[in-house]
Student: 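I am attaching a structure below and will ask some questions about it afterwards.
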Amino acid sequence: MTLFLQFLLTGIVTGCFLVLATIGFSFTRRVEGFLNIAHAELLGVSAFTTWGLNKLAGWHILPSAAVGIIVTAFLGLAIGRIVYDPIRRFGPAVLLITSVGVSYAIGGVIDAVIGTGIRTLDIPLATSYRFWGLRITDYQLLVVALAIVASGSLALFLNKTKTGLAIRAISVNPELAASRGIDVQKTSRATWLISSGLAGLAGVMLSVIATLSTDIAFHQILQILAVAILAGLGSLYAVILSGLIVGIAMDVSVFWIPAGYRPLIAFAVVILVLLVRPQGLAGSKSS
Amino acid sequence: MGGMKKVLSGFTALATIASVAVPAVAQADDVTVGVLVPLTGELGEFGKIVAGSVELGVKQINEAGGTKCGMLRTVVADTAGSAEQAIREATKMIDTEGAVALLGPTSGAMVALVDLAKRKETVVMSPYAGTITLNEIGGDYIYRTVSSDLGDGEASGLWLKEKGYKKVAFLVQNEESTISPAQVAQERLKDAGIELTDYVIYNPGQPSYQAELISVLANEPDAIYLAGGQESGVTVLKEAAAGGYGGEWLLTADLAVPEVFDALDPRILNDKAYVEVAQADKSLPEYKAFEAFHKAETGAEPGPFAANSYDMAMLVALALEASDGCTGAAVNSMIRDVTEGGEKVSSFADGKAALADGKDIDYEGASGPLTLDKSGTPAGAYQIMKAVDGAWVDEKFFPASAFE
């Protein structure tokens, strides 16, 4: 039983990382109206910026992470303004394909700048805490805490601030929102900053828990898509639930079936849920 | 996704090539040899070693007057570890550059290139592709200067048995090149009556491998056999240490690089981690001569698979020298002949002189005897290295005879 609960606990942590990685992606989908495949590579930008400052420049992890997130947020904003804004009128399909190109471009630049091999941060080895026979590390606890803080902050921002309410209005009906005096450009800029900043936060956690290679960020895109699709490509709360479901399903499955099938479980869950709810966990049929 | 990414990563490759290859302007009477290696991505470190060692071999061949077909010229391309990219670059090397041999692809690329090699009659050779798939389909235009993965499994099994472990867990990356040797090592464990507590096959590219480690750590093995890449391997090592694992490790060749000690707190590895790697017998005079040449040229010790890579250039040059033609088919027709049943030679210059005297030759490589079996594979020797003070140091050598 303890072993099973350990798988469950690890699954919750995996789910929280997926929430962090997906929440910005879903936010972009909701507001900008397309699947930004380049979102995963933004995790890489943040992870390698953090690594460069921490390992090469010798900075402490906290300022390194802060700069990593800020750089990623502004890079995401720049890409939104320079690449996506001019082609927005061609519709979501063109934006999606373009985002694949952006993903290649970011990945190629990371390859060129970082080069070969593996990278890790100059941070202490994780410390394990034990309770009721279960084990969790400080970095895993950090992932859970950041997922809670990021989701909570985003929910508060969208519900309590003027810009947040404007973003919600635009995500529901851009034309109507614009006709009511909402500054679409400004709101779009805020969206890019927030979603890319969230990718930056996930990238920092990727650099903290994982071993970095130039393609590890892109490896996350399938699971991000799985979580986003399961959530219904829209609702923030559904992303949290969906991330936890996928994370727990993947890790708990290892209790019964070989670990090699773990990624398959993510998509099996998505397929099963979509058979019952084609619109996703919380999405409306129109989304 | 692979396509454009690989094109972009080619920029890095170009920069790397500039540093490892001496650019040569094609002459009408040059013979072109393609160096097809991963210069970017996780295996990039190995690709650079291979490219550099082939260049050393070519330099020595050309200093000895080149082959009867002319001086050797190399063209280098980055596969970025992708079979698709390898096929594209190989086609370009053969059709545009006129390469008679392609040296350096990794396992996946080798398997993907079998049809092309036979169709275009161009020899393809690898210094590190241990995949057992080549045991079946290699041998005609497809060769290697390293033994099959099955040998790595045998060596690992032998080591785990020698260490006297009672309980061993296996963590194996979900790739053919890691699963094949793991299966052999697992069989040897069973034969020796050692308890296999877990046999976990995991997928690489994950941020964390905690779920895979739960059962492994719960069963408290004496040692964990970790057959994984650098990215997954380092994360597993970190997470197992954080999880309180205090046993020993046997790692596979991808982790036999110094970078592992930069990526990890060396205390995780020191005095309790071993790594198994196919390696030349360093006591052989042929290896010592290569080592001295390598040090003189680069100022550094030869890296993993350097001797095997150098030997590829030698085999191609000697096969050209021994054959009647200057094509890939000519190389293919003579490559076995120069590795068995004749006067033993250990350098291109000696081989060239013996062939000029009408003698048959048997090239004894820097990586060891290169007599090729029907799949184009030599018998292997293996080194177990131990992590000591943040570096891999030789612990135990298994010559090819240990497995007879």
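Throughout, a chain's letter reflects where its sequence line sits, starting with A, and its residues are numbered from 1.
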Student: Based on non-hydrogen pairs under 4.5 Å, which of A:Ala210, A:Ala126, A:Pro124 is most in contact with chain B?
Tutor: A:Ala210

Student: Measuring from atom CD1 of A:Ile114 to atom OG1 of B:Thr40, what distance do you get when rounded to the nearest 0.5 angstrom?
Tutor: 13.0 Å

Student: State the OG1-CD1 distance between B:Thr235 and A:Ile118, to the nearest 0.5 angstrom.
Tutor: 8.0 Å

Student: Please find the pair of heavy atoms, one from B:Ala211 and one from A:Arg262, that lie closest to each other, and give the distance.
Tutor: CB-NE, 3.9 Å

Student: Can you confirm whether B:Pro207 sits close enough to A:Phe17 that some side-chain heavy atom of one is under 4.5 Å from a side-chain heavy atom of the other?
Tutor: yes

Student: Start with the C-alpha distance between A:Thr120 and B:Lys238, add both sets of side-chain angles, then the distance that settles side chain to side chain contact (heavy atoms under 4.5 Å, CB included), and finish with yes or no.
Tutor: CA-CA 11 Å; A:Thr120 52; B:Lys238 274 194 301 189; 3.9 Å; yes

Student: Give a yes or no on this: more than 12 heavy atoms of other residues, nucleotides or ligands lie within 6.0 Å of atom CD of B:Glu187.
Tutor: yes

Student: Working to the nearest 0.5 Å, report the span between CG of B:Leu264 and OG1 of A:Thr211.
Tutor: 7.0 Å

Student: For chain B, find which of A:Ser128, A:Ser253, A:Ala217 contributes the most heavy-atom pairs closer than 4.5 angstrom.
Tutor: A:Ser128

Student: Roughly how far, to the nearest 0.5 Å, is the CD atom of B:Glu239 from the CG atom of A:Leu125?
Tutor: 10.0 Å

Student: Tell me, do B:Glu231 and A:Ile216 make a side-chain contact under 4.5 Å, heavy atoms counted?
Tutor: yes

Student: Indicate the atoms forming the closest heavy-atom contact of B:Gln230 with A:Gly117, along with that distance.
Tutor: OE1-CA, 4.2 Å

Student: Got a second to check how far A:Ile209's CD1 is from B:Tyr209's OH, nearest 0.5 Å?
Tutor: 10.5 Å

Student: With a 4.5 angstrom heavy-atom cut-off, could you sort out which part of A:Gln220 is near chain B: side chain, backbone, both or neither?
Tutor: side chain

Student: Flag the one option from B:Asn174, B:Ile214, B:Ile201 with the top tally of heavy-atom pairs under 4.5 Å to chain A.
Tutor: B:Ile214

Student: Using 0.5 Å steps for rounding, measure from the CG atom of B:Leu217 to the CG atom of A:Leu3.
Tutor: 10.5 Å

Student: If you count heavy-atom pairs under 4.5 Å with chain A, which of B:Gly244, B:Ser208, B:Gly243 comes out on top?
Tutor: B:Gly243

Student: With only heavy atoms counted, which part of B:Val234 is less than 4.5 Å from chain A, the side chain, the backbone, both or neither?
Tutor: both

Student: Relative to chain A, which segment of B:Ala263 carries a heavy atom at a distance below 4.5 Å: side chain, backbone, both, or neither?
Tutor: both

Student: How about OH on A:Tyr261, more than 12 heavy atoms from neighbouring residues, nucleotides or ligands closer than 6.0 Å, or not?
Tutor: no

Student: Taking the side chain from B:Glu259 and the backbone from A:Arg119, do they hold a donor-acceptor pair closer than 3.5 Å?
Tutor: no

